[in-house]
Every structure is written in structure tokens, then in C-alpha cells.
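So the structure is just underneath, and the comments pick up after that.
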Amino acid sequence: MTRALFAATLQPRRRFARHSVLWLTICLASLGLPCAAQRDASTMVSVVGNVTTEGGQPIPSGATVSVQGDNGTTVGQQSIDSQGHFQIDDLPSGRRLYRLTVRAEGYYPCEQSLNLRDGEAAVTVKIVLTRVSKTAESDAPLPLLTDMNAPRKARKDYAKGVRELDAHRLPEAQRDFAAAVKEYPCYARAQTSLAAVLISKRDLPAAESALREAVKCDPGFADSVAQLGRVLNSEKRFSESEAVLEQGLRTSPKDWLLYDELASAHYNQGLYPQATNEWLRAVSLGPEGSSDLHAKLAAAYLRQGNSQKAYVEMQTYVRLDPDGRFAAQARSLMRQIESSSAAMPPSGPKEPQ
């Protein structure tokens, strides 16, 4: 379990607590692939869920959600709606094991097991898909050790793996990425892609091993450093994550994902001012419209008792993503702040400085 973002109370105004709890669903130390189900309390069970990108936005090209039984037969399938929601009904329970798979063009597939027990009415699933990073589409400089020195066979295996991911064939992609790193273990790009597939299968030890090899071979490849930090954060190994990410920032000082993950590590250690500064840095360097960063900043400000700045960040979040997964909760908490005796921030959204 990851630690929650938002404080449960805003002292001394205890009436905020009920609304703040709604924000506890935003998790900091997640992998970006939080495929963990939250169960409610029937013989037939529904799977209800939401699929987003890492920035908290709906998948622009749509996604398909399918549920397979233990014999591999598809027992339910549905496309997500424009907001990323889906619901698959009438799944028999009785301690049956199902596998849920989410696929979208240009993103790594995500798989998870569903153990539907008697007495449950529904299972709620929140899934974040990670975009496939293709060599041909990347604007970043090519990591020398991974791309320039990789033998031809390793590069061919990696390219095959990317094509398998595009076709949503996860086992085949894992096979090809594994072949590439077997041919050339210091192929950091292939190690990182292999780790992403392993993460989607929840094989975190194997993913960590691949990412550590990638970081060792090419410390300048920020993608592998950020993913390793995310894995360590998800396992609550925050001090280890901090060390990895700070080393990565010495090599890649303008990578916003490194600041985002480092802020998560510091937040979960109770270092809220440091986390705030790092999320502000991530906002300044990251892509425009990264709404989740503002949600995280609001959490950090609430932890420090600064409801005014938290209000501004929630206001910015709602402006950037008015129909987002946390928009309703943000508006509710903002109304409580408005009705309190706290000093109000300047009117209109304001970006953090």
C-alpha cells in the first residue's frame, strides 16, 4: 500500500476532515501502473474501473479491457468511454481467479489477477498505462552504450519487441526484449523496456534487476533511473529511491520525472517542504497540463497546514482537468476552504512560482 497524498484534517478546522478523506485516493509512491483492485462487498460480481495516462488524462486513442477465466477464455470485454471508465458485469464469483488485461495503442499493456470471492458485489480497479518509448520517435539523445554499441542482433530483437507491444502481445514482447539483453546485457533501452513489461505483470524483483543493470550501464538514461525510483517508492524503500534519483539528477538535472519521483520519496518520509520544492521544479520542467503534479502539490501544502496554497493548486488542477478523476473532490474541499475564515488566495488560477 502506498501512503496517501492529502492530510485527513486541516487544523484547527476539523470540519475539513470529512472532505479531505476523499483525497486519500491519490497515491504518491505508485509505479504509474497501480493495478491493485479495491474490493467492495453476491454471486455475480462486476469489475468497475478507470484507465488513465501517467498524467491523469484519459487514453486519447481509447483502450480495450478484457477479462479471461483461468482457462484463458475471454468472459467479458469492453472499450473504455471518453473519460476512461469501464464496467464489466455478471462475472461468477466463488473464489474464481480471473485475469484482467488492458490494451491501448502506443501504451504498454497492463495485466492483473482478480480473485472474485463470494460476498463481493464489485471490484474497483484503477489503472495507469505507460506510453511505449520508441527509438524512432524519441527526441532525446541516444544513450551511447545502449544504442550505438548494441550488436545488430540485439537491436533487431529490441525492434521486434516494440512491434509486439504495438500489437498488444505482451509475452512475445517480453521474449524479444529478453533476447536483446541476453545478446547485449548493457543494452539499457532494452533493459528498461523489459522492466516496463515486468512491472505490468507485477514482477517487481525482476523489473528492479533489469533497471539496475540499465542504470549501471548507462547512468545518463533518465528513463531507467525514473522507473527504478518508482519501483523502490512502491516498495516503500524511500531512502534507496532518494539515493538513486539524486544520482540521476546529477546526470540529468532537467528531467521532470526524476523530480516527481524524488518528491514522492521525500513526501513519504515526511519531508514535505523538500517534496514541495521538487514538485514545483517538476511543474516548471514537465509538459504543460500535467494536472496530477498540482494535485500532489496540494497534498504537500495541506500536510504543511497551508490551505491557501493548497486551494490554488486544487484550483489549477480543476482548470487543467475539469472532468478529471479528482475534480469532484477538489471542488468539494475548495468550497469548504471558501466557507471557512481562512484568508482567500487571489482570484483566478495561479501557477506555482
Side-chain angles (χ1 to χ4, degrees), residues 31-33 35 54 101-112 128-235 237 240-241 243-245 247-248 250-252 255 257-258 261:
L31 290 171
L33 293 168
C35 296
E54 289 182 292
T101 304
V102 182
R103 296 185 174 90
E105 183 176 357
Y107 294 82
Y108 290 104
C110 185
E111 296 184 354
Q112 78 168 77
V128 178
L129 296 184
T130 301
R131 179 174 288 280
V132 174
S133 177
K134 301 180 184 179
T135 302
E137 297 178 355
S138 176
D139 295 328
L142 297 179
L144 294 179
L145 289 176
T146 65
D147 294 331
M148 302 297 289
N149 293 347
R152 184 170 180 270
K153 182 180 184 305
R155 285 184 276 119
K156 287 182 64 176
D157 286 331
Y158 173 76
K160 285 168 59 181
V162 171
R163 290 194 296 270
E164 296 291 1
L165 278 178
D166 286 343
H168 310 305
R169 293 190 286 265
L170 195 62
E172 290 79 2
Q174 180 177 346
R175 175 201 64 202
D176 292 332
F177 291 141
V181 300
K182 182 177 181 181
E183 178 72 18
Y184 186 55
C186 259
Y187 198 169
R189 191 184 295 277
Q191 291 278 18
T192 304
S193 294
L194 175 60
V197 175
L198 293 168
I199 289 170
S200 73
K201 298 175 66 176
R202 314 306 296 171
D203 189 352
L204 299 188
E208 180 185 344
S209 178
L211 290 168
R212 287 196 180 278
E213 184 69 19
V215 171
K216 180 180 73 174
C217 291
D218 194 347
F221 189 32
D223 286 359
S224 58
V225 181
Q227 283 204 47
L228 179 56
R230 186 175 298 173
V231 168
L232 295 172
N233 280 339
S234 75
E235 296 184 326
R237 296 157 61 186
E240 291 181 62
S241 175
V244 166
L245 293 162
Q247 180 62 42
R250 294 186 187 101
T251 305
S252 304
D255 192 281
L257 287 172
L258 297 181
E261 291 301 328

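For reference, positions follow the sequence shown, starting with 1.
Two residues are said to be in side-chain contact when any heavy atoms from C-beta on lie closer than 4.5 Å; S224 and Q191 fail this criterion. Using a 4.5 Å heavy-atom cutoff, the side chains of E164 and D166 are not in contact. At least one side-chain heavy atom of L204 sits under 4.5 Å from a side-chain heavy atom of E235. You'll find the side chain of L245 stays beyond 4.5 Å of the side chain of L232, heavy atoms only. Between L170 and S200, some side-chain heavy-atom pair lies under the 4.5 Å cut-off.
A salt bridge links E240 and R212; the closest N-O separation between the charged side-chain nitrogens and carboxylate oxygens is under 4.0 Å. Between E183 and K156 there is no salt bridge, since none of the side-chain N atoms of the basic residue sits less than 4.0 Å from a carboxylate O of the acidic one. A salt bridge does not link E172 with K160: none of the charged nitrogens is closer than 4.0 Å to a carboxylate oxygen.
In this structure, the separation between CZ on R103 and CZ on R169 is 10.0 Å, given to the nearest 0.5 Å. Summarising the geometry, atom CG belonging to D157 is positioned 15.0 Å from atom OH belonging to Y184; distances are rounded to the nearest 0.5 Å. Put simply, CZ on R175 and NZ on K182 are 13.5 Å apart, with the number rounded to the nearest 0.5 Å.
Listed here is the closest heavy atom pair of I199 and Q227: CD1-OE1, 3.5 Å. The nearest pair of heavy atoms linking A226 to L257 is CB-CB, 4.1 Å. Residues A154 and Y187 share a closest heavy-atom pair of O-CE1, 3.5 Å. Considering all non-hydrogen atoms of both residues, A195 and A210 come closest at CB-CB, 4.1 Å. Between L165 and F177, the closest heavy-atom pair is CD1-CE1, 3.6 Å.
Residues passing the side-chain contact (heavy atoms from CB on, under 4.5 Å) test with P171: none are found, sequence neighbours excluded. Partners of S252 according to the side-chain contact (heavy atoms from CB on, under 4.5 Å) rule, which considers only residues two or more places apart in sequence or in another chain, are A222, D255, L258.
A donor-acceptor contact closer than 3.5 angstrom is absent between the side chains of T192 and D223. For Q247 and R250, the side-chain atoms include at least one donor-acceptor pair closer than 3.5 Å.
Checking side-chain atoms of S241 against main-chain N and O of G229 turns up a donor-acceptor pair under 3.5 Å. R155 contributes a side-chain N or O that, together with a main-chain N or O of A150, makes up a donor-acceptor pair within less than 3.5 Å. D176 places no side-chain N or O within donor-acceptor distance of the main-chain N or O of A159, the cut-off being under 3.5 Å.
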Chi angles and distances behind the side chain to side chain contact (heavy atoms under 4.5 Å, CB included) call for E208, R237: CA-CA 12 Å; E208 180 185 344; R237 296 157 61 186; 2.8 Å; yes
